[in-house]
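Side chains included, hydrogens not; waters and symmetry mates left out as well; all remaining heavy atoms used.
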Amino acid sequence: RSGYSSLNKEEEHHGLNYLAHIEYRRGNRLDALEFFMESLQIRYKHGKITETANTLNWIGRIHHEQTDYDKALEYYFLSLQKLQEDPDSSYLLPTLNNITYLYLDIGEHEKMLEYNNQALIISQQTKDDLEYANACNLRGIYFQNLQTLDSAEIYYKKVYKKEESLIYPSSLLNIGLMEKYNGKYDAALETFK
């Protein structure tokens, strides 16, 4: 916070968000939340709509990780509301995927599928490979939880095919697990390797 008092408002909320991300990566969720909340107050007055939506999404994510699902949904939906004013898929897709994940966590499958479908469609339209991979991975987890392993494997493989150049490790792990559960032990071993 060196020079904190002399920052203009844009620098201030960017700085607070950087501090929040550092604390988040260190595992200090409550400290990160404090910085995000402080940044949010400035962003509401001085920030761009998309930046405000992104901060709201991160606050929701921390509440989600703390299993405060009602609070998480509140912030996720505030983020979506902000993005209606200035749509930007690069901020919209992470929020849609976070909402999908939350509904998956609490077992509300109809809502999970509703937001997952939106994320799949928008990520394909905008060619956002990372968020498409996240949406496919979430759909795979959904099918895995239902014990529909063939369908789960299809979505996990979509992630892998889309992300081959980035090597998306969790999708490979999930593909290996599906192969194992389906009795394809040699294939599973190769995937795990």
Side-chain angles (χ1 to χ4, degrees), residues 13-123 126 128 130-146 152 155-156 159 168-171 173-174:
H13 68 71
H14 282 301
L16 287 165
N17 262 38
Y18 287 132
L19 289 169
H21 284 286
I22 289 168
E23 292 302 328
Y24 183 87
R25 288 188 179 107
R26 286 177 161 172
N28 301 326
R29 299 304 195 254
L30 296 179
D31 291 337
L33 183 60
E34 186 178 317
F35 284 125
F36 278 128
M37 293 299 288
E38 198 174 338
S39 170
L40 183 63
Q41 297 312 310
I42 299 166
R43 285 185 182 228
Y44 269 134
K45 294 177 185 172
H46 304 282
K48 296 175 184 171
I49 291 168
T50 52
E51 291 172 346
T52 304
N54 187 40
T55 300
L56 288 163
N57 180 45
W58 273 97
I59 292 169
R61 183 173 172 171
I62 292 171
H63 283 296
H64 182 176
E65 290 175 4
Q66 303 297 317
T67 67
D68 188 348
Y69 299 124
D70 291 335
K71 199 59 124 171
L73 278 176
E74 176 187 337
Y75 281 96
Y76 288 152
F77 286 124
L78 284 170
S79 178
L80 287 182
Q81 186 178 11
K82 272 288 172 199
L83 288 165
Q84 288 176 352
E85 298 172 36
D86 184 11
D88 182 334
S89 66
S90 63
Y91 291 98
L92 175 62
L93 286 166
T95 302
L96 289 173
N97 278 327
N98 283 341
I99 293 170
T100 298
Y101 191 30
L102 188 147
Y103 281 132
L104 183 63
D105 276 351
I106 62 176
E108 289 195 32
H109 295 152
E110 284 184 32
K111 290 183 178 178
M112 175 267 168
L113 290 171
E114 174 188 341
Y115 288 96
N116 185 241
N117 285 336
Q118 289 180 46
L120 285 167
I121 291 166
I122 295 168
S123 60
T126 59
D128 188 326
L130 179 60
E131 292 303 333
Y132 177 75
N134 288 334
C136 285
N137 202 45
L138 290 167
R139 183 64 68 98
I141 293 168
Y142 163 75
F143 281 121
Q144 184 177 336
N145 289 347
L146 293 177
Y155 276 93
Y156 292 143
V159 172
Y168 200 72
S170 66
S171 71
L173 174 65
N174 290 332

* Asked: Any side-chain heavy atom of His14 within less than 4.5 Å of one from Arg43?
  -> yes
* To do: Could you list the residues that satisfy side-chain hydrogen bond (donor to acceptor under 3.5 Å, both in side chains) with Thr126, not counting sequence neighbours?
  => none
* To do: Please report the shortest heavy-atom distance between Ala152 and Gly140, naming the atom on each side.
  => CB-O, 3.3 Å
* **Those residues that, when tested against Glu85, pass salt bridge (charged side-chain N to carboxylate O under 4.0 Å, His left out) (two or more places apart)** => Lys82
* To do: Check whether any side-chain heavy atom of Leu80 sits under 4.5 Å from a side-chain heavy atom of Tyr76, and report yes or no.
  => no
* To do: First locate atom CG of Leu73, then atom CD1 of Ile106, and finally report the distance between them rounded to the nearest 0.5 Å.
  => 6.0 Å
* **Between NZ on residue Lys45 and OG1 on residue Thr52, distance to nearest 0.5 Å** => 12.5 Å
* Just wondering, do Leu19 and Glu34 contact through their side chains at under 4.5 Å, heavy atoms? -> no
* Asked: For the side chain of Ser79 and the backbone of Tyr75, is there at least one donor-acceptor N/O pair under 3.5 Å apart?
  -> no
* Roughly how far apart are Tyr115 OH and Leu104 CG, rounded to 0.5 Å? -> 15.0 Å
* Asked: Which residue pairs satisfy the salt bridge (charged side-chain N to carboxylate O under 4.0 Å, His left out) criterion with at least one member in residues 89-110, sequence neighbours excluded?
  -> Glu108-Lys111
* **Non-hydrogen side-chain atoms of Asn137 and Tyr156 separated by less than 4.5 Å** => yes
* Asked: With distance as the sole test, does Asn54 use its side chain to make a donor-acceptor pair with the main-chain N or O of Thr50 at under 3.5 Å?
  -> no
* To do: Would you mind listing every side chain to side chain donor-acceptor pair (under 3.5 Å) that reaches into residues 18-33, with sequence neighbours excluded?
  => Glu23-Arg26, Glu23-Asn28, Tyr24-Arg61, Tyr24-Glu65, Arg29-Glu65
* **Contacts of Lys71 that satisfy salt bridge (charged side-chain N to carboxylate O under 4.0 Å, His left out) - sequence neighbours left out** => Glu74
* Asked: Do Asn97 side-chain atoms and Ala119 backbone N/O form a donor-acceptor pair below 3.5 Å?
  -> no
* To do: State which residues pass side-chain hydrogen bond (donor to acceptor under 3.5 Å, both in side chains) with Asn17; sequence neighbours excluded, sorted by chain then number.
  => Ser39, Thr55
* To do: Decide whether Tyr103 and Glu114 meet the rule of one side-chain donor and one side-chain acceptor closer than 3.5 Å.
  => no
* About how many Å separate CG of Leu96 and CG of Asn116, when rounded to the nearest 0.5 Å? -> 9.5 Å
* Asked: Under 4.5 Å between any side-chain heavy atoms of Phe36 and Ile62, yes or no?
  -> yes
